[in-house]
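Taking it in order: structure first as C-alpha cells, then the write-up.
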Amino acid sequence: MDGDVTVHLPHALTDAAERIAREGGTTLDQFVATAVAEKLSAMKSGAFLAERGGRADLAAFDRFMNRPDGLPPAPEDRWPD
C-alpha cells in the first residue's frame, strides 16, 4: 500500500469532522489519521489486556492478598459499603 487511501464518508460526518479539525487547528487528514490511530490503540490495548488477563494466576493473587503479614487497605483505598 502506498499510504494514500480514499475513504467515502457521509456528508454530515465529513462536515462535522472538518469543523472539529478546523476548531482544533488541524486538517481533516490529520484529524482522521489521529482518530484511526486512537481506535487502533484502543483495540490493541483491549487485546493485550485480555491476553494478559488470561495468563493471570488468581490463586497466587489470593495468596498474596491474604498473606498474614500484609496490611489492610488504607481507608481511601477501600470499596464503598
Side-chain angles (χ1 to χ4, degrees):
M1 182 173 269
D2 65 2
D4 292 335
V5 177
T6 300
V7 178
H8 298 280
L9 300 172
H11 290 292
L13 187 56
T14 302
D15 292 345
E18 285 177 333
R19 186 176 60 255
I20 297 293
R22 196 171 38 254
E23 290 171 1
T26 188
T27 66
L28 180 59
D29 283 351
Q30 291 171 325
F31 178 80
V32 171
T34 300
V36 171
E38 288 177 4
K39 181 65 174 185
L40 290 172
S41 176
M43 293 175 77
K44 290 181 85 171
S45 295
F48 171 79
L49 292 172
E51 188 273 330
R52 289 295 303 259
R55 293 190 286 147
D57 183 345
L58 298 180
F61 175 77
D62 284 339
R63 285 192 306 275
F64 177 80
M65 294 302 291
N66 294 307
R67 65 194 185 282
D69 58 340
L71 299 174
E76 64 270 15
D77 291 337
R78 294 181 189 274
W79 287 103
D81 291 331

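The residues of the chain are indexed from 1 along the displayed sequence. This is a predicted model, so every value here is computed, not measured.
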Validation row: Val7, Leu9 side chains within 4.5 angstrom (heavy atoms) = yes

request  = To the nearest 0.5 Å, tell me how far Asp15 CG sits from Leu13 CG.
outcome  = 9.0 Å

Under 3.5 Å, side-chain donor or acceptor atoms of residues 35-53 against the rest of the protein: list the pairs with distances, not counting sequence neighbours.
unit_1, atom_1, unit_2, atom_2, d
Ser45, OG, Ser41, O, 2.9
Glu51, OE2, Arg55, NE, 2.9

Less than 3.5 Å apart, which donor and acceptor atoms pair up between the side chains of residues 17-30 and the rest of the protein, not counting sequence neighbours?
unit_1, atom_1, unit_2, atom_2, d
Thr26, OG1, Gln30, OE1, 2.4
Thr27, OG1, Gln30, N, 3.0
Thr27, OG1, Gln30, OE1, 3.4
Gln30, OE1, Thr27, N, 3.2

Could you tabulate the donor-acceptor pairs under 3.5 Å formed by side-chain atoms of residues 64-80, not counting sequence neighbours?
unit_1, atom_1, unit_2, atom_2, d
Asn66, ND2, Asp62, O, 2.9
Arg67, NH1, Phe64, O, 2.6
Arg78, NH2, Pro73, O, 3.2

message = According to side-chain contact (heavy atoms from CB on, under 4.5 Å), who are the partners of Ala12, at least two apart in sequence or on a separate chain?
response = none

